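A quick write-up on the structure given underneath.
So that the names make sense, note that chain A is the first sequence line, chain B the second, and so on, each numbered from 1. The shown structure was predicted, so the numbers you read here are calculated from the model rather than taken from an experiment.
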Protein chains: 2
Amino acid sequence: MKIGELATLTGVSVRSLRYYERQGLIKPLRQDNGYREYSPLAVDTVETIKLYLNLGLSTEEIAGFLNCVLKNKEAFCAEVMPLYRSKLEEIERQLVELNQIKLNLQDRMASILQEQKNEEE
Amino acid sequence: MKIGELATLTGVSVRSLRYYERQGLIKPLRQDNGYREYSPLAVDTVETIKLYLNLGLSTEEIAGFLNCVLKNKEAFCAEVMPLYRSKLEEIERQLVELNQIKLNLQDRMASILQEQKNEEE
DNA sequence: CTTGACCCTGACACTAGTGTCAGGGTTTAT
DNA sequence: ATAAACCCTGACACTAGTGTCAGGGTCAAG
């Protein structure tokens, strides 16, 4: 199939499909006229890419194990687990940071409200 | 004082001080030789900028109320509260999203571990 | 045989703050 | 008077994925 068809089937833009190719995630054949020719399996590949992107992995990270997970169970691919671990740590760091900001914001909002209440008297 | 001195006093890089100026946050005078000349009050200004940056506000947002909060109590500046509210909402959206990713990651990690345990048998 | 829909590559823009370099001027202390 | 340390502006890089445009080729239906 051609790129537009794959885009429609997967909900991923043509632009992004070309980007994934450049990142080494998917390697379509080429027709004589230069058009990309995707196998029907490419739909699975793209769905898999979407799944990992939604887990916060980058295309570069995904490139490191995509071939493996397309052919095997995830548990078989040794690259995956360390990546999940470090990604989880990263997420947790971000959660801590965001929660701190949230608390600070709430403190300051409470102070303002209190201040305004005092003014009214 | 000159920019290097202000940088040392505040812990903010010279580069960033120039950036804050371009963003309209601070307006030093100029000496005859073109050097920026900061008043001692600039230290407070920069500390205030740091405080708001740490709350997740952008330089552009800070520019909208910095003059006011430098001269008044924060509660006096009407621009601040709506900004805090929308920033808090944004933070909460991000927290939800990150927590979802975290749960998904943990699920997948658990699946892999379970799978590997099954393999051992 | 022409029009519209599709495809190609390459490139710039965007976020937002910071690092860093080039190329050049000034000041301060030796 | 020279070297070190400081200042100036302007510009590119970086993240990471996507939008979008330019300029051009291809294909299918009328």
[N] [atom2] sits how many Å from [X] [atom1], rounded?
| X | N | atom1 | atom2 | value |
| --- | --- | --- | --- | --- |
| A/E5 | C/dC6 | CD | P | 11 Å |
| A/E61 | D/dT15 | CD | C1' | 13 Å |
| B/Y20 | C/dA16 | OH | P | 14 Å |
| B/Y38 | D/dC7 | OH | P | 10 Å |
| B/D32 | C/dG25 | CG | P | 18 Å |
| B/L53 | C/dA16 | CG | C1' | 10 Å |
| B/L17 | C/dG17 | CG | C1' | 13 Å |
| A/R30 | D/dG25 | CZ | P | 17 Å |

Check the orientation of B/F65 and B/Y52. Use parallel for under 30°, tilted for 30 to 60°, and perpendicular for over 60°.
perpendicular
Nearest-nucleotide check on DNA chain C, B/K2 vs B/L57; residue mapping nearer the 5' end is B/L57
Among [options], find the nucleotide with the atom closest to the side chain of [X].
| X | options | answer |
| --- | --- | --- |
| A/R15 | C/dC6, C/dG19, D/dT18 | D/dT18 |
| B/R22 | D/dC27, D/dG10, D/dC8 | D/dG10 |
| A/I3 | C/dT27, D/dG17, C/dC8 | C/dC8 |

[X] vs [N]: side-chain N/O to OP1/OP2 distance below 4.0 Å:
| X | N | value |
| --- | --- | --- |
| B/S13 | C/dT18 | no |
| B/T59 | C/dG17 | yes |
| B/S58 | C/dA16 | no |
| B/N33 | C/dT27 | yes |

Run the salt-bridge test on B/K50 and B/E47 with the 4.0 Å N-O cut-off and return the result as yes or no. yes
Check: Any side-chain heavy-atom pair from B/N104 and A/N54 closer than 4.5 angstrom?
Finding: no
query: Is a side-chain donor-acceptor pair under 3.5 Å present for B/E74 with B/Y84?
result: yes
Under a 3.5 Å threshold, yes or no: a donor from one side chain and an acceptor from the other, between B/S13 and B/S16?
yes
Looking across every strand, which nucleic acid part, if any, lies under 4.0 Å from B/R18 by heavy atom: base, sugar-phosphate, or nothing? base
Heavy-atom nearest nucleotide on DNA chain D taken for B/E37 and for A/V12; more 5' hit belongs to B/E37
Open item on the list: At less than 3.5 Å, do the side-chain atoms of A/Y19 and the base atoms of D/dG19 form a donor-acceptor pair?
Closed with: no
